[in-house]
Structure formats: C-alpha cells, structure tokens
A.B. asks: 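Handing you this structure, nothing more for now.
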There are 2 protein chains.
Amino acid sequence: MELTTAEENYLKAIYHLSEEGKKSVSTNDIATQIQTKPASVSDMLRKLGEKEVIQYRKYYGLQITALGMQLALQTIRKHRLWEVFLVDKLHFAWDEVHEVAEQLEHIQSPLLIERLDAYLNYPKFDPHGDPIPDAYGDVRTRPRCALNEMDIDQIGQIVAVKDSSAAFLRYLDKVGAYIGARIKVLDKVEFDGSIEILVDQKKTLFMSKDVASNILVLQS
Amino acid sequence: MELTTAEENYLKAIYHLSEEGKKSVSTNDIATQIQTKPASVSDMLRKLGEKEVIQYRKYYGLQITALGMQLALQTIRKHRLWEVFLVDKLHFAWDEVHEVAEQLEHIQSPLLIERLDAYLNYPKFDPHGDPIPDAYGDVRTRPRCALNEMDIDQIGQIVAVKDSSAAFLRYLDKVGAYIGARIKVLDKVEFDGSIEILVDQKKTLFMSKDVASNILVLQS
DNA sequence: AAATAATATTAGATAAATCTAAAAAATATG
DNA sequence: CATATTTTTTAGATTTATCTAATATTATTT
Ligand SMILES: [Mn+2]
Ligand SMILES: [Mn+2]
Ligand SMILES: [Mn+2]
Ligand SMILES: [Mn+2]
C-alpha cells in the first residue's frame with residue numbers, strides 16, 4: 001500500500017489528533033493542523049477511507065484503522081529519526097529541524113531508514129523527547145506529566161516538550177530549560193498558575209502556567 | 001525562483017544532455033532520459049521557457065540559460081552530496097545510491113546542504129567520480145578520457161564511470177575495478193576494440209570495448 | 001420545537017503533471 | 001522537388017490536491 005506525500009501528512013495529523021485523548025477528530029481540527037480548508041479535508045477523508053487507513057462515515061466522524069496506525073507510525077518514525085540526525089550529526093538546533101524533517105519523512109527507502117537508525121545508534125527519543133517507534137511500529141511510552149501539574153517540593157526530570165514551535169523552543173533555550181534537566185518545584189502561584197522551579201540544583205526559574213503546561217516531566 | 005520536483009528533474013536532464021557535447025538537445029532525448037512521453041516534454045519545455053531557465057523556440061530547439069545552469073548545478077550538487085553521504089556514512093554500495101539520491105536532491109533547505117557538505121568534509125567527487133559543484137555552482141573538471149581510447153603501455157588511474165547503472169557498477173565490483181585503481185594498458189584487440197589492463201600492478205583484466213568506454217581514466 | 005449557529009460535505013474551478021491520439025512541422029529519400 | 005518518414009507540438013482526458021461558494025447536516029439556543 002502506497003500513500004502519497006499529502007496522504008501521509010493527513011494520516012499523521014489524524015494520528016496525532018487521535019492521540020490527544022479527544023473523543024473524536026473533527027474535520028476542522030485536521031484543517032487547522034495541516035493548514036488547509038475543511039473542504040479539502042472532507043475530500044481527503046473520503047480517499048483515506050477508500051484506502052482503508054481510516055474508517056469514515058460522513059458527518060459522523062472517523063477512526064484510524066490498524067493499517068492506518070501502522071503507516072502513520074512509520075512516517076512518525078522517519079520524521080523523528082531524521083530529527084535526531086539533524087541535531088546529533090549536522091548540529092541543527094532543536095527549533096530548526098521540524099520543517100526539514102517534514103520533507104525528509106516522505107523519502108521512500110526502507111534500506112535508508114534501517115541504515116540511518118543503525119548509524120544513529122537506535123535512538124529511543126527525538127530531540128523534543130518524543131519516542132521513536134521501532135521498525136514494527138511499537139512505541140515505548142514513559143509516564144510523564146505536565147510541569148504545571150506537579151506539587152511543591154516534588155522533583156523530576158524534563159523529558160519532553162508538548163509544543164515544538166521554534167518560538168517556544170528558543171524561549172526554553174534562553175531561560176536554560178532543556179531535555180534531561182533535573183528540576184524541583186519551589187513554589188506555585190494559586191492566582192495565575194505560574195510556577196517557580198530549581199533547575200539542576202543551581203538556577204531558579206519562573207514561568208507562566210502556559211509555558212509550564214508545555215513542559216513534560218518524569219517524576220522521581 | 002522556485003522549481004517543482006518535476007521541473008528540477010527535467011532541468012537536470014537537459015543540463016546533462018547539453019553537456020554530452022551534442023549540437024542540440026531533442027525532445028525525444030529528454031523523453032528517453034526521464035522515461036516519459038515526448039508530448040509531456042513539449043509541455044514542460046514551454047513551462048521551463050516561461051520560467052526562463054531555458055530559451056525555447058518550438059520546433060527549433062532549446063538552450064539552457066545561465067539561470068537554468070545555476071539551478072541545475074544546485075540540484076546536481078545536492079544529488080552528489082547525498083550520494084557521498086549514503087556511501088561514506090550509511091555504507092550503501094555505489095550501485096544502491098542513485099534512486100534514493102534522486103529523491104533526496106529535491107529537499108529544500110539551504111542550511112541542510114551547507115551542513116551536510118561540512119559534515120562530509122567538503123567532498124570534491126561523488127562515489128562515481130563525478131565532480132560536486134560548490135555552493136556557487138562552480139565545477140572543477142579534471143581531464144579524463146575513456147579507457148578504450150588509451151594506447152598500449154599507457155598508465156593512469158580510474159577516476160569515474162560514465163554509466164552509473166547498478167548492473168554496470170556491480171560488474172565492476174565483481175571484476176575488481178574501482179575508482180582510484182591504478183591501471184596500465186597491456187593489450188588492445190583491433191578487431192572488436194576489447195582491451196586488457198593491469199590493475200594495481202597485480203591483476204589482469206579483460207574487458208569489451210563497451211565496458212571500457214564507460215570507464216574514465218586520468219592519464220599519467 | 002423552531003430558529004440560529006456551527007460544522008461538514010458537495011459542486012465547480014484551477015494548477016500541475018501526466019497520458020493517447022491527432023495534427024503540424026522538419027527532415028530524409030527516391 | 002514531391003513524397004514519405006520522423007520529430008515535435010497540440011488537443012483533449014485523467015489524476016491529485018487544492019480552493020471558494022453553495023448546500024446539507026448536526027448542534028445549540030432561545
Ligand atoms: Mn510531511
Ligand atoms: Mn520532534
Ligand atoms: Mn530527482
Ligand atoms: Mn553519482
């Protein structure tokens with residue numbers, strides 16, 4: 001089964017929106033995610049339904065099939081492996097990789113991905129802390145929670161970001177937050193949900209609830 | 001100026017056919033080269049003419065413009081850098097790289113190519129001995145001649161292959177001919193143009209004129 | 001429950017890239 | 001040089017992916 005580049009992008013968006021724990025994925029959500037119009041989405045959903053990567057009943061909603069899941073995970077695997085390559089080998093900053101990976105993920109060559117994976121030493125996570133599915137599409141998920149949900153005095157380690165936009169990542173660079181940093185919650189402000197944390201037992205950091213909710217932590 | 005993937009492929013084909021020293025590039029030649037129909041070529045030539053990467057007068061022929069040359073060389077640069085990456089870093093065989101490079105060459109990211117070039121240590125030649133244009137599109141050409149045109153007792157070094165097909169490259173692997181090999185012409189058969197050479201002062205090799213004409217040598 | 005709003009789909013266009021078949025132009029041949 | 005052959009272009013379809021505008025369906029509010 002072969003998907004076009006556009007089909008792969010739609011399927012990936014559907015997969016991601018499905019994972020967000022929403023009851024169902026709407027046409028408008030998909031349109032927003034891939035920056036297109038709802039009319040285009042409707043048309044594509046029909047096609048993806050015909051290819052049996054989703055189950056689609058118009059006006060009712062859709063569900064990704066096992067086949068669709070498999071294919072989406074392959075594309076995500078490629079995307080994340082390329083991101084690791086760009087950061088680890090070509091010294092891209094973690095806020096510079098997304099657009100390029102968005103292109104590279106569509107290169108068709110099983111051998112290439114197999115070799116790239118080996119070359120990168122079978123990484124388990126991408127530069128944003130997201131898990132890399134293996135060749136069979138299996139993803140190992142770690143228990144993680146948003147930083148703003150932690151309590152005072154709790155400790156943990158930053159393991160991922162929810163928002164991978166360049167603006168957000170550059171902000172984290174600026175204040176000195178990074179994947180792998182050990183943190184402790186020093187204070188939380190009831191009023192606005194903002195939070196004060198200690199990074200690597202050295203540096204104090206204040207951040208808004210909005211920022212904290214996009215930082216994912218492995219509690220310890 | 002932005003070209004589509006198809007336009008880049010056509011322009012690259014036109015560039016290569018122009019370089020082959022022919023008086024002019026025909027619609028049929030292009031169709032053969034990129035495995036499409038003459039009707040499709042005519043249509044694309046009109047478009048490339050409008051974009052001013054070629055000068056095109058129907059029925060009369062075409063000429064690549066300075067702009068077209070520049071863009072073609074950028075694509076060729078990308079293609080060859082990726083080939084080096086695949087062979088040097090991912091341990092692809094030299095007969096496995098072409099199709100993948102044919103896809104990778106269309107990835108749009110100046111930063112990526114700049115970094116890839118640095119990562120590969122600014123290689124001057126690809127795995128088939130073809131020169132890699134620099135970022136400005138400059139190509140350093142070496143004087144080289146086809147092996148079948150050499151005289152008895154002449155010595156030299158294999159520097160490139162004219163035919164990069166997997167079949168030909170695997171044949172060379174099998175008989176032990178490779179880029180960089182030092183050779184000496186031991187004998188030439190007048191009748192069929194076949195040739196006998198000594199490789200690395202060790203191994204004797206017989207080959208047909210057809211094979212020899214696809215091996216390029218730097219004479220010394 | 002009827003009216004209104006929101007959401008989703010269809011209808012009809014457009015652009016890119018391809019094809020087959022027909023027509024036109026250039027080239028080769030007797 | 002007139003005719004035949006080859007080469008090239010055009011005409012008309014098809015597929016994919018997109019859009020706007022109109023319509024249909026579902027959800028929300030009085
Ligand atoms: Mn993509
Ligand atoms: Mn990522
Ligand atoms: Mn290509
Ligand atoms: Mn090459």
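The structure displayed is predicted, hence computed values, not measured ones.
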A.B. asks: Write down the distance between CG (Asp43(A)) and P (dA13(C)), rounded to a whole number of angstrom.
C.D. replies: 16 Å

A.B. asks: Any idea which of dT25(D), dT8(D), dT18(C) is nearest the Thr36(B) side chain?
C.D. replies: dT18(C)

A.B. asks: Of the nucleotides dA8(C), dA11(C), dA21(C), which one has an atom closest to the side chain of Ala39(A)?
C.D. replies: dA11(C)

A.B. asks: What's the CZ-P distance between Arg57(A) and dT9(C), to the nearest Å?
C.D. replies: 12 Å

A.B. asks: Applying a 4.0 Å non-hydrogen cut-off, can you work out what Thr27(A) is touching in the nucleic acid: base, sugar-phosphate, or nothing?
C.D. replies: sugar-phosphate

A.B. asks: Without swapping roles, check the side chain of Lys124(A) against the backbone of Pro133(A) for a donor-acceptor pair under 3.5 Å.
C.D. replies: no

A.B. asks: Below 6.0 angstrom between ring centroids: does that apply to His128(A) and His98(A)?
C.D. replies: no

A.B. asks: Taking atom P of dT8(D) as reference, at what distance in whole Å does atom OH of Tyr60(B) sit?
C.D. replies: 14 Å

A.B. asks: Quickly work out the Lys51(A) NZ to dT15(D) C1' distance and round it to whole Å.
C.D. replies: 11 Å

A.B. asks: What residue among Leu172(B), Leu86(B), Asp126(B) forms side chain to side chain contact (heavy atoms under 4.5 Å, CB included) with Trp94(B)?
C.D. replies: Leu172(B)

A.B. asks: Tell me whether the OP1 or OP2 atom of dT9(C) has a side-chain N or O from Tyr56(A) closer than 4.0 Å.
C.D. replies: yes

A.B. asks: Please report the distance, rounded to the nearest Å, between CD1 in Ile30(A) and P in dT7(C).
C.D. replies: 14 Å

A.B. asks: Looking at dT18(D), dT9(C), dT20(C), which one has an atom nearest to any side-chain atom of Lys37(B)?
C.D. replies: dT20(C)

A.B. asks: From the set dT18(C), dA17(D), dT26(D), return the single nucleotide nearest to any side-chain atom of Tyr59(A).
C.D. replies: dT26(D)

A.B. asks: Could you check which of dT26(D), dT8(D), dT20(D) has an atom nearest any side-chain atom of Asn28(B)?
C.D. replies: dT8(D)

A.B. asks: Roughly, in whole Å, what's the span from CG in Leu45(A) to P in dT18(D)?
C.D. replies: 12 Å

A.B. asks: At their closest point, which heavy atom of Arg142(A) faces which heavy atom of Gly129(A), and how far apart are they?
C.D. replies: NH2-O, 3.6 Å

A.B. asks: Nearest-Å distance, CD (Gln35(B)) to C1' (dT18(C))?
C.D. replies: 14 Å

A.B. asks: Is a side-chain donor or acceptor of Arg144(A) paired with a backbone partner of Leu216(A) at a separation under 3.5 angstrom?
C.D. replies: no

A.B. asks: How are the rings of Tyr119(A) and Phe85(B) set to each other: parallel, tilted or perpendicular (split at 30° and 60°)?
C.D. replies: perpendicular

A.B. asks: Do any of residues 2-19 of chain B sit with a heavy atom less than 4.0 Å from DNA chain C, and if so which?
C.D. replies: Thr4(B), Ala6(B), Tyr10(B)

A.B. asks: Before we go on, tell me: are the rings of Tyr10(A) and Tyr15(A) under 6.0 Å apart, centre to centre?
C.D. replies: no

A.B. asks: Between dT26(D) and Lys58(A), is there an OP1 or OP2 to side-chain N/O distance shorter than 4.0 Å?
C.D. replies: no

A.B. asks: Can you tell me the distance, in whole Å, between the CG atom of Leu48(A) and the C1' atom of dT16(D)?
C.D. replies: 13 Å

A.B. asks: Would one find a side-chain N or O of Ser40(A) under 4.0 angstrom from OP1 or OP2 of dT18(D)?
C.D. replies: no

